[in-house]
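Keep in mind that what you see is a predicted model, and the values were worked out from it rather than measured. Just so we're on the same page: letters track the sequence lines, and every chain starts at 1.
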There are 2 protein chains.
Amino acid sequence: MELNERKLKILEAIISNYLDTAEPVGSRTISKNYDLGISPATIRNEMSDLEELGFIMQPHTSAGRIPSDKGYRLYVDMILSAKYDSPKHLSYVEALLSKAGRIETLLQDIVSVLAKETNLTAIVSTPQYSKCKIKNIQLIELESQKVLAVIVTDGNMANNYVLEINEDMDQPMLNKLSFILNNQLHGLDVEEINLPLIEKIKAFAGNQDEIIGKVLEVVFQAVHNNEDTQIYTSGAINMLRLPEFSDLEKATSIMETLDKKDYIRQLLLNDFDGESIVTDGVNIKIGSENNNENMKDCSLITTTYHIGGKPLGVIGLIGPKRMDYQSAIFSLKCLIKEIEKRMNDS
Amino acid sequence: MELNERKLKILEAIISNYLDTAEPVGSRTISKNYDLGISPATIRNEMSDLEELGFIMQPHTSAGRIPSDKGYRLYVDMILSAKYDSPKHLSYVEALLSKAGRIETLLQDIVSVLAKETNLTAIVSTPQYSKCKIKNIQLIELESQKVLAVIVTDGNMANNYVLEINEDMDQPMLNKLSFILNNQLHGLDVEEINLPLIEKIKAFAGNQDEIIGKVLEVVFQAVHNNEDTQIYTSGAINMLRLPEFSDLEKATSIMETLDKKDYIRQLLLNDFDGESIVTDGVNIKIGSENNNENMKDCSLITTTYHIGGKPLGVIGLIGPKRMDYQSAIFSLKCLIKEIEKRMNDS
DNA sequence: TGTTAGCACTCATTTGTGTGGAGTGCTAAC
DNA sequence: GTTAGCACTCCACACAAATGAGTGCTAACA
């Protein structure tokens with residue numbers, strides 16, 4: 001038995017109806033609402049086949065059918081392979097984003113807008129720090145024996161570190177040290193700062209090696225301490241309004257999952273290193289494909305954004321499997337465009 | 001009729017029991033579990049009086065009693081006026097806080113620890129930027145026609161701003177401008193940067209007035225754009241586990257309220273400007289005292305932290321009215337101590 | 001051979017009803 | 001002033017019956 005055209009049409013009808021109503025779909029509903037020209041009885045026979053093929057399932061004996069993960073997968077693959085509108089520049093989106101040039105603020109605004117647009121949960125990772133190029137390092141006097149190191153990378157991302165040192169330094173002196181640091185490090189990837197390099201530069205710095213060493217070590221630490229990327233999320237509460245989470249137990253469990261930044265980071269960056277990016281850069285994981293019990297009713301849509309041509313961060317949406325994939329993908333692409341426009345406009 | 005000693009004891013018993021169980025308390029329960037030496041019938045008579053006085057109420061005719069907001073108020077005032085342990089330095093708390101010197105990271109860590117400690121929702125405002133003293137301003141070259149301004153204030157708070165300017169500047173030139181800015185602004189409160197002052201300094205800067213003006217304007221903007229303080233929260237999900245929010249509707253509504261940063265900011269800073277700080281710096285608002293429908297089942301405990309002797313931020317806990325006020329206050333005080341220690345150790 | 005009407009069957013959901021129990025208020029006795 | 005006793009209230013829970021959406025199967029039909 002195979003998936004002929006009529007079966008596919010029925011499957012589409014079931015999924016489409018289920019996306020709208022969140023209720024199991026019966027044969028009569030399809031016969032009435034979708035103009036397929038066949039009776040409920042015939043549809044029932046086909047549905048029985050579709051179930052045998054694994055595309056739909058029954059919550060219980062006397063209920064209608066709901067799509068299985070395999071069914072969603074087919075549906076989503078069809079969407080992904082279809083040509084659809086390329087992302088537009090949405091001027092009203094731009095208006096919602098603050099003018100601030102800081103990338104952290106920008107990304108926070110982006111997820112917030114994305115969550116509002118889609119009524120889903122939006123997540124984004126900050127650019128992978130270790131893969132960014134160092135643009136400028138500046139040391140700033142704070143107070144006796146305390147110095148602020150500002151490290152600027154690609155996309156004008158600035159990271160601040162407070163350093164404690166053993167001697168007093170005035171700003172002119174710090175400017176000189178900053179100059180040395182810039183000479184040595186400008187244009188390097190952050191991850192190229194490793195222990196041998198640190199030693200080499202310290203030797204070069206002569207009797208100013210303490211502070212130079214501290215700067216580099218603190219950056220080295222940061223990269224290796226999970227601070228490589230931060231995660232921003234927005235709109236987790238949107239999940240609470242969905243019928244799939246109308247049970248308090250489920251609601252709590254999904255909220256807890258979404259609250260675990262480390263887990264979300266892992267989820268988001270999972271396929272990132274391996275670059276297992278599919279169709280048109282958009283990656284979709286449906287239900288059990290996320291390999292997590294608490295995410296089994298959710299789908300995750302992700303895509304990467306690029307800075308200086310390199311994919312440095314991931315942005316995504318988490319929603320019920322029953323979400324509007326089409327428009328979610330569209331919103332995601334529009335926002336990506338906005339991010340990249342702002343981070344590469346130089 | 002007035003509140004004699006016996007009535008007070010019964011009231012305490014009711015509240016104490018209700019804090020534990022979240023169930024209305026009946027006369028028999030009190031008679032059995034609290035050694036007051038009186039029968040349920042007598043307690044019933046007293047309870048009837050307490051209800052008339054407004055300290056307790058009945059959810060429905062044949063139920064036990066629960067404390068009213070007025071009852072909680074009495075109870076909380078007793079706690080506040082009692083002498084209790086002064087906050088300790090908790091070494092295990094210190095271990096949980098990251099070593100990073102950045103105040104934003106510190107405050108985020110603080111709310112996270114506080115939420116875990118108390119199982120409540122912790123909130124904190126970053127130091128009121130406008131009231132901070134400027135310590136150092138440094139301009140950093142980003143790329144052609146883009147400059148990063150780093151402004152460091154009290155407590156080593158660093159704020160970054162990306163500026164777009166109309167000419168190219170190299171770092172040595174920016175160092176000179178930074179020097180000028182520092183000369184003019186060091187030691188001023190941020191809010192002292194106003195339009196007349198900006199004009200004055202621009203005049204002083206001669207042909208470099210563009211960039212100097214931009215720096216000051218962007219700071220001026222920030223202070224007047226709600227960026228004066230940020231709000232960090234943690235542990236909102238803790239609310240979902242409480243019996244008072246076992247109804248999904250209530251749960252959703254409290255989560256939505258806690259998600260509204262602007263509302264939380266207002267809640268937190270409400271009494272801040274007026275400095276209506278009570279007993280020992282700890283301020284408690286119970287249920288309806290918060291003047292918000294969604295907060296009517298919650299209490300808010302707040303207190304201020306000081307930098308350089310000035311109260312610049314507020315930290316607080318939101319929990320059910322039924323929370324353990326004693327230990328919440330204690331945890332709050334301990335964490336305040338930790339904040340102030342780190343921000344004033346110079 | 002594919003399609004369809006008819007029918008018996010299943011099972012979640014809703015509605016109604018009775019019962020148990022916790023707790024009160026009142027009264028009368030101590 | 002305190003307490004035992006008792007009638008009364010009302011929620012919570014369990015259980016049964018009714019409802020209805022939907023299925024699978026069978027037999028008839030084109």
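- Between the P atom of D:dG22 and the CD1 atom of A:Ile43 lies a distance of 12 Å, rounded to the nearest Å.
- In this structure C:dC11 sits in a base pair with D:dG20, meeting the Watson-Crick or G-U test at under 3.5 Å.
- Nucleic acid contact for A:Thr61: sugar-phosphate only, since backbone atoms but no base atoms lie under 4.0 Å from a heavy atom of the residue.
- Rounding to whole angstrom units, NZ of residue A:Lys7 and P of C:dT3 are separated by 9 Å.
- The CZ atom of B:Arg44 sits 14 Å away from the P atom of C:dA22 (whole-angstrom rounding).
- Of the possible donor and acceptor atoms, one in the side chain of B:Gln58 sits under 3.5 Å from a partner among the backbone N and O of B:Ala63.
- When the side-chain nitrogen and oxygen atoms of B:Ser62 are compared with OP1 and OP2 of D:dC11, none of them lie within a distance under 4.0 Å.
- Judged by the 6.0 Å and 45° rule, B:Lys70 forms a cation-pi pair with B:Phe55.
- A 3.5 Å limit on both hydrogen-bonding distances identifies C:dA22 as the Watson-Crick or G-U partner of D:dT9.
- If you measure from atom NE2 of A:His60 to atom P of D:dG20, you get 16 Å, rounded to the nearest angstrom.
- Taking atom CG on B:Leu36 and atom C1' on D:dT3, their separation rounds to 15 Å, with Å as the unit.
- At a threshold of 4.5 Å between non-hydrogen side-chain atoms, the residues B:Ser31 and B:Arg28 do not count as touching.
- Note: CD1 (B:Ile38) to C1' (D:dG1) measures 11 Å, nearest angstrom.
- Atom CE of B:Met57 and atom C1' of C:dG23 are 17 Å apart (whole Å).
- Nearest nucleotide to the A:Thr29 side chain, out of D:dG22, C:dG25, D:dT3: D:dG22.
- Look at B:Asp69 and B:Arg73 and you find no salt bridge, because none of the NZ, NE, NH1 or NH2 atoms lies under 4.0 Å from a carboxylate O.
- Contact annotation for A:Ala41: base contact, defined as any heavy-atom pair under 4.0 Å involving a base atom.
- Comment: B:Arg65 engages B:Glu51 in a salt bridge, judged by a side-chain N to carboxylate O separation of less than 4.0 angstrom.
- Phosphate proximity of D:dG24 to A:Arg65: present, with a side-chain N or O under 4.0 Å from OP1 or OP2.
- Look at C:dC30: its Watson-Crick or wobble partner, with both distances under 3.5 angstrom, is D:dG1.
- Taking atom CZ of residue A:Arg6 and atom C1' of nucleotide C:dT3, one finds them 8 Å apart after rounding to whole Å.
- OP1 or OP2 of D:dT3 has not a single side-chain nitrogen or oxygen of B:Arg28 nearer than 4.0 Å.
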